[in-house]
Trainee: 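One structure, pasted below without further comment.
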Protein chains: 2
Amino acid sequence: MKIEDEIKQRTFRDEYQKAYINLVFTSGWLQLKQGAMFKDFNLTSPQFNILRILRGQHPKPATVNMLIERMLDKTSNASRIVDKLEAKELVTRKVCPSNRRAVDIRITDKGLELLTKLDDVVNSQQLGMSNLTAEEASQLSALLDKIRD
Amino acid sequence: MKIEDEIKQRTFRDEYQKAYINLVFTSGWLQLKQGAMFKDFNLTSPQFNILRILRGQHPKPATVNMLIERMLDKTSNASRIVDKLEAKELVTRKVCPSNRRAVDIRITDKGLELLTKLDDVVNSQQLGMSNLTAEEASQLSALLDKIRD
DNA sequence: TGCAAATATATGTACATACATTTAATGTTG
DNA sequence: CAACATTAAATGTATGTACATATATTTGCA
């Protein structure tokens, strides 16, 4: 469905405004679909994002700072998201021995198991991008990189 | 800057995953920039979004339902965002005479003035899309529409 | 007409976001 | 080495998001 119909706005100031609105709308649309998927596993998108970063580090620990650096949403509050994951026993938190200001965060076996289950679901849905060819997906990435230049 | 460097992830499963992550990241990046711009005017992005819809209707009223239908983020709580705008006297809320379940929402003169000021700022920044040509922006919109097919 | 279903909005709750401030540990430098 | 700046994380507050539920009004139809 064209963006004009999605938000019932017939005209845009120019192609830039239209692309901007389309970008924000589509991102929200994808995240909503992904969020619904995670709900069955009692996890939110940012929580999943952090778990995946921790798996990438495993068995080495990550710090809150590293999480923020690698998260999709830089401004979100990694500290409190880790709180929730810790409460669910999906990660552990321990003062870093070499720098007691920092906290070593590690994914637990339970966390790894959960991610394994989620991988299947996420992969099978191809993250909702399956209408594009690989060529088009690559083209899209290039355009997005250019926006942030 | 390439997405690999932005989130310090060197490899992706495939072009689809990379495009997905790039899309969500870029959308957040743009919205953060836009939000910072609005902050000087003591307004948030969703509040701005709603004000703009109301201006499009002016002097006719909108209802909460119409706002939800046209908002970029369908699931956000229009009712409570209108609360905030009403408290700032940027909109008025009045029971609709012909259907007392509905509420007529209108932008005030104060709201229109604020938008006029913001238009300049928003336009001058071209919403952060100025690195693209008009052709590329149009191409981007086409790809995004295709994702949501 | 009367009563259930549908509609329009508001409210409650849990969690996330954005940003300022606080607390504690570590570096730096005079 | 003491004083001050810097760094890492946590906390506070206001707002927004997601979703379930409540309240009031209108519609449909037996």
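To find a chain, count down the sequence lines: A is the first, B the second, and so on, and within it residues start at 1.
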Trainee: Out of dA10(C), dT26(D), dG16(D), which nucleotide sits closest to the side chain of R100(B)?
Mentor: dT26(D)

Trainee: Indicate whether OP1 or OP2 belonging to dC19(C) is found under 4.0 Å from a side-chain N or O atom of K39(B).
Mentor: no

Trainee: Do N22(A) and R148(B) get their side chains close enough for a donor-acceptor pair, meaning under 3.5 Å?
Mentor: yes

Trainee: If we ignore hydrogens and angles and just use 3.5 Å, is the side chain of S138(B) paired with the main-chain N or O of E15(A) as donor and acceptor?
Mentor: no

Trainee: Output the rounded distance in Å from CD (Q34(B)) to P (dT17(C)).
Mentor: 18 Å

Trainee: Can you figure out which of dA10(D), dA8(D), dT17(C) approaches the side chain of N65(A) most closely?
Mentor: dA8(D)

Trainee: Is any side-chain N or O of R101(B) under 3.5 Å from a base N or O of dT7(C), one able to act as donor and the other as acceptor?
Mentor: yes

Trainee: Taking the side chain of V103(A) as heavy atoms from C-beta outward, which of dT25(D), dA10(D), dA8(D) is closest to it?
Mentor: dA10(D)

Trainee: Which sits closer to the 5' end of DNA chain D, S79(A) or A36(A), going by the nucleotide each is nearest to?
Mentor: S79(A)

Trainee: When you measure from the side-chain N and O atoms of T44(B) to the phosphate of dT15(D), is any distance below 4.0 Å, counting only OP1 and OP2?
Mentor: no

Trainee: Without decimals, in angstroms, what is the distance between N99(B) CG and dT7(C) C1'?
Mentor: 8 Å

Trainee: For D104(B) and dA10(C), what is the distance between atoms CG and P respectively, to the nearest whole Å?
Mentor: 12 Å

Trainee: L32(B) has an atom CG; how far is it from atom P of dT17(C), in whole Å?
Mentor: 12 Å

Trainee: Counting only side-chain heavy atoms from C-beta out, which of dT17(D), dA9(D), dT17(C) sits nearest to P46(B)?
Mentor: dT17(D)

Trainee: Dump the intermediate steps for side chain to side chain contact (heavy atoms under 4.5 Å, CB included) on H58(B) and L112(B), then the final yes or no.
Mentor: CA-CA 9 Å; H58(B) 185 74; L112(B) 287 169; 3.7 Å; yes

Trainee: Using whole Å, report how far CZ of R80(B) lies from P of dC19(D).
Mentor: 14 Å

Trainee: Think Q47(A) has a side-chain N or O under 4.0 angstrom from the OP1 or OP2 of dC15(C)?
Mentor: no

Trainee: Is there a donor-acceptor pair under 3.5 Å between the side chain of Y16(B) and the backbone N or O of A134(A)?
Mentor: yes

Trainee: Mind calculating the distance between CG (N77(B)) and P (dC15(C)) to the nearest angstrom?
Mentor: 18 Å

Trainee: Side chain of T63(A) only, heavy atoms from C-beta on: which candidate in dT25(D), dA20(C), dA9(D) is closest?
Mentor: dA9(D)

Trainee: In this structure, how many angstroms lie between the P atom of dT17(C) and the NZ atom of K84(A), rounded?
Mentor: 12 Å

Trainee: Search all heavy atoms of A62(B) against all heavy atoms of Q57(B) and return the closest pair with its distance.
Mentor: CB-CG, 4.3 Å

Trainee: In whole Å, I'd like the distance from the CG atom of N49(B) to the C1' atom of dG16(D).
Mentor: 13 Å

